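All figures in this text were calculated on a predicted structure; none of them were measured in a lab. Counting starts at 1 for both ligands and their atoms, in listed order.
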Amino acid sequence: MQPMSPRTSPSLSQVSRRDVSESNRSHVLWHLYRHGVASRARIAEALGLTPAAITKITARLISSGLIAETGDIEGSRRRRSIGLALNTERFHFIGVKFARSLVEVGVFDLAGGRISLIDLPDVADDTVGEAVAAIHRTIDRLLAGDERIVAIGMAVPGPYLRQTGRTALVSSMPHWRDIDFIEEFAQGSPVPVIIEQDARAGALAQRLFGEPDGTGSLAYYLLGEGVGLGVIESGRLVNGSLGAATELGHVSIDVNGRPCECGNVGCLERYCSAGAIHEQIDRRGLVPGSRSMTHRQACERLFEASERGDEGARELVRQVGRYAGYGCVTICNAFNPSRIVIGDIGAMGGDVLLDAVRATVAERVIPQIADATDISLSALPTDATVLGAAAAAITEFLDHPMRFAGIPGARTGTGRRKTPRN
Ligand SMILES: [Zn+2]
């Protein structure tokens, strides 16, 4: 951005007025997002703003193409009034999930409805560069084919350092650390790119598309190729100074335990990530041919066997549930959320896993806190992380609407990134 000369730079009061206007526009969008159609009078009442202010704000949102009038609705005192609604069908969002060996790219509408989902070829540590090129090709193709795509959300393994655009550690796949996600994907993109740590993206998906929760305090506990946590407190993500807060996977559950690449020992991730479960499956010979499977495949077979009643499989799933439960104990004590949602590969563990998690929490957490914490498996129709990547983009759209004003239909002919890839 060019520095502004003193003569043209806005005064502090102008800046804060602009911030307040954008914040009010955001409040209106969130209200419509949550409640569907509403009249200006209803929005004014809900947000505590004057009818005149709402008229001005909604006029701007209508002229920007973000919302539209829907025709007459029943107003208060049986007066007819004009409804307003988000232009839901005009906006699509790409979600990209980077999960070490798995990359998924989906297109979603504003309500989280899935339009398409693509699994890219499995990634090995020495093929990260090829995976990045494949992601660029996929995004380019999707953008070219769908004018309504207005933003891209990316969910990357944590700890993700948001200032530098890099992940600080990706256990077992160090080459992902070489990728500067901001430079690689955000710079030169024709639409805004929002990058979020994977579990935090999952938390955003739970907030947007999961069961409504009045308290605004929610933890999304990712049990996948890594172990992660996203916490929403008072409606906002807990980020930390570098964006590396809530790294539950590197909380030790055994100070004399298994060493971890992060420098700690006994990290939770060493006991209940998909890779750690896969090791146990191989060692116990629970799944025929497991050694040549991906972590995800091996875990899926294990959970299927457990579901069928195979006692060996059940015993391992219960053990994984106990370890996952130790993580929940820390979540309860550190954040006291009203709800913990377990997602990703671990969510396929079913009741055997969930019962073991709940039993561990009941045993080890102060009863008043344990009793007030609802623990469940993610019930989102699509994997919460790829949906979460889109949720990160949708959240940005609702939080900063003017960043997206005029994008629909005006996206063609924008500059593309610096170098072609092969
Ligand atoms: Zn660690």
For this session: Could you check whether the rings of F181 and W176 sit parallel, tilted or perpendicular, using 30° and 60° as the cut-offs?
Result: parallel
Listing protein N, O or S under 2.8 Å around the Zn ion (ligand 1) gives H250 ND1, C260 SG, C262 SG, C267 SG
Quick note, salt bridge (charged side-chain N to carboxylate O under 4.0 Å, His left out) partners involving residues 293-312, not counting sequence neighbours, are R296-E300, R301-E304, E311-R318
Taken in chain and number order and not counting sequence neighbours, the residues that satisfy ring-ring contact (aromatic ring centres under 6.0 Å, His included) with H35 are H31
Taken in chain and number order and not counting sequence neighbours, the residues that satisfy side chain to side chain contact (heavy atoms under 4.5 Å, CB included) with A124 are D126, T127
Q.
Determine whether the aromatic ring centres of residues Y271 and Y326 are separated by less than 6.0 angstrom.
A. no
Test side chain to side chain contact (heavy atoms under 4.5 Å, CB included), reference F98, set V156, I195, T385, output is V156
